[in-house]
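Starting from 1, each residue takes its place in the sequence as its number.
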Amino acid sequence: MRILLINPNTTSSVTDLVASHVRRVAGDAAEFVPVTGRFGARYIASRAASAIAAHAALDVLAEHAEGCDAVYLACFGDPGLGALREISPLPVVGMAEASCLAATARGGRFAIVTGGALWGPMLEEFVAGLGLSDRLAAIRTIAPTGDRIARDPDAALADLAAACTTCAEKDGADVVILGGAALAGLAERIQPQVPVPVLCSVEVGTRAVLAAAICGLPPGQPAPSLASIGLSPALTERLAQE
């Protein structure tokens, strides 16, 4: 199997980090093709950056999806997930959606911990869009955004562990999602300090996209042909298809 891994941030070191972790999880089950967004924010930490990233993700899919069996949107906010499914001939798995569904499948209530204060309300809206607000115990953020955490993960471990523990002990979470592409691999490092299971969003999304590729899950409902201007040739062509 061949899976397109989209990092809609424009920081290639984050792409490398995620790709390395994904390959460790997947082993020989699939070949992952990592692609970094061609334009946009260095790291998504606001609504504006997320909106731009959705366009960047569509651009990557149009350019690189050929020859792949599934698409992994490797960004915890899942920017453009619905739009990707609308134009994709392949199954598309979003990291955040897959993580929330996996957490609820365990029963009880879940929480999310990530970096960057602006992600709090953004993720509340995202969870509401999934219809899972009643299962959400809390969303807690620490001050450093994911790109800063990726540059110095050791400096963030104590704060991440403390936030996850607070979710369990004060918010009543039965499982905590450690969300963020740049936080790949940190869940296992803080798990011994947290009294409930901590899910790595990168790992959960990897397993979900492998399952989607194996099962051949259908893409979303196709959109009608769309005339456009100013987009990349590949995206222009993809949008124009019936």
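- Here Trp119 contributes atom CH2 and Ser50 contributes atom OG; the two are 5.0 Å apart, rounded to the nearest 0.5 Å.
- Contact check for Pro195 versus Glu169: side-chain heavy atoms found under the 4.5 Å cut-off.
- Both Val92 and Leu90 belong to a common hydrophobic cluster when Ile, Leu, Val, Met, Phe, Trp and Tyr are linked at side-chain heavy-atom distances under 4.5 angstrom.
- Neither Leu132 nor Val176 shares a network with the other; the hydrophobic side chains, linked directly or stepwise wherever heavy atoms of I, L, V, M, F, W or Y lie under 4.5 Å apart, form separate groups for each.
- Taking each heavy atom of His21 and Gly185 in turn, the nearest pair found is CE1-CA, 3.3 Å.
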Only pairs under 3.5 Å count here: list side-chain donor-acceptor contacts from residues 1-10, not counting sequence neighbours, and write none if there are none.
| residue | atom | partner | partner atom | Å |
| --- | --- | --- | --- | --- |
| Asn7 | OD1 | Asn9 | N | 3.1 |
| Asn7 | OD1 | Asn9 | ND2 | 2.8 |
| Asn7 | ND2 | Thr11 | O | 3.4 |
| Asn7 | ND2 | Thr15 | OG1 | 2.7 |
| Asn9 | OD1 | Ile44 | N | 2.7 |
| Thr10 | OG1 | Gly40 | O | 3.4 |
| Thr10 | OG1 | Ala41 | O | 2.8 |
| Thr10 | OG1 | Arg42 | N | 3.4 |

Exercise. Val33 and His64: side chain to side chain contact (heavy atoms under 4.5 Å, CB included), yes or no, with the steps?
Worked result: CA-CA 9 Å; Val33 182; His64 298 280; 5.7 Å; no

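- Taken from CG in Asp147 to CG in Asp152, the straight-line distance is 12.0 Å, to the nearest 0.5 Å.
- Within the 4.5 Å cutoff, side-chain heavy atoms of Leu73 are placed close to those of Asp78.
- The shortest heavy-atom contact between Ser228 and Leu239 is OG-CD1, 4.4 Å.
- Cys164 contributes atom SG, which lies 4.0 Å from atom CD1 of Ile190 (distance to the nearest 0.5 angstrom).
- Between Thr206 and Phe32 there is a side-chain heavy-atom pair separated by less than 4.5 Å.
- Side chain of Gln191 to main chain of Val196: a donor-acceptor pair is present (N/O by atom type, distance under 3.5 Å, no hydrogens or angles).
- At least one side-chain heavy atom of Ile87 sits less than 4.5 Å from a side-chain heavy atom of Leu235.
- Residues Asp171 and Ala138 approach most closely at OD2-CB, 3.2 Å, considering heavy atoms.
- A pairwise comparison of heavy atoms in Leu130 and Cys100 identifies CD1-CB, 3.8 Å as the closest pair.
- One hydrophobic cluster holds both Leu199 and Tyr72 under the rule that ILVMFWY side chains link at heavy-atom gaps under 4.5 Å.
- Looking at heavy atoms from C-beta onward, Val127 lies in side-chain contact with Ile112 at the 4.5 angstrom threshold.
- Counting only heavy atoms from C-beta outward, the side chains of Pro144 and Arg151 never approach each other to under 4.5 Å.
- For the pair Arg135 (side chain) and Thr104 (backbone), a donor-acceptor distance under 3.5 Å is present.
- Closest of all the heavy-atom pairs between Leu84 and Ala57 is CD2-O, 3.6 Å.
- Between Ala150 and Ala182, the closest heavy-atom pair is CB-CB, 3.7 Å.
- You'll find the side chain of Leu210 stays beyond 4.5 Å of the side chain of Val25, heavy atoms only.
- Considering CZ of Phe110 and CG of Leu136, their distance stands at 5.0 Å, rounded to 0.5 Å.
- Taking the charged nitrogens against the carboxylate oxygens, Asp59 and Arg238 have no contact shorter than 4.0 Å, which rules out a salt bridge.
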Problem set entry | Test log, rule side chain to side chain contact (heavy atoms under 4.5 Å, CB included), inputs Thr141 and Leu123 | CA-CA 10 Å; Thr141 62; Leu123 288 173; 6.0 Å; no

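- Between Leu157 and Asp154 there is a side-chain heavy-atom pair separated by less than 4.5 Å.
- The CG atom of Leu58 sits 10.0 Å away from atom OG of Ser88, with the distance rounded to the nearest 0.5 Å.
- Transitive grouping of hydrophobic side chains (ILVMFWY, heavy atoms separated by less than 4.5 Å) keeps Val113 and Met95 in distinct clusters.
- Within the model, atoms CZ of Phe39 and CD1 of Ile52 stand 8.5 Å from one another, a figure rounded to the nearest 0.5 Å.
- A continuous path of Ile, Leu, Val, Met, Phe, Trp and Tyr side chains, each step under 4.5 Å between heavy atoms, connects Val93 with Val202, placing both in one hydrophobic cluster.
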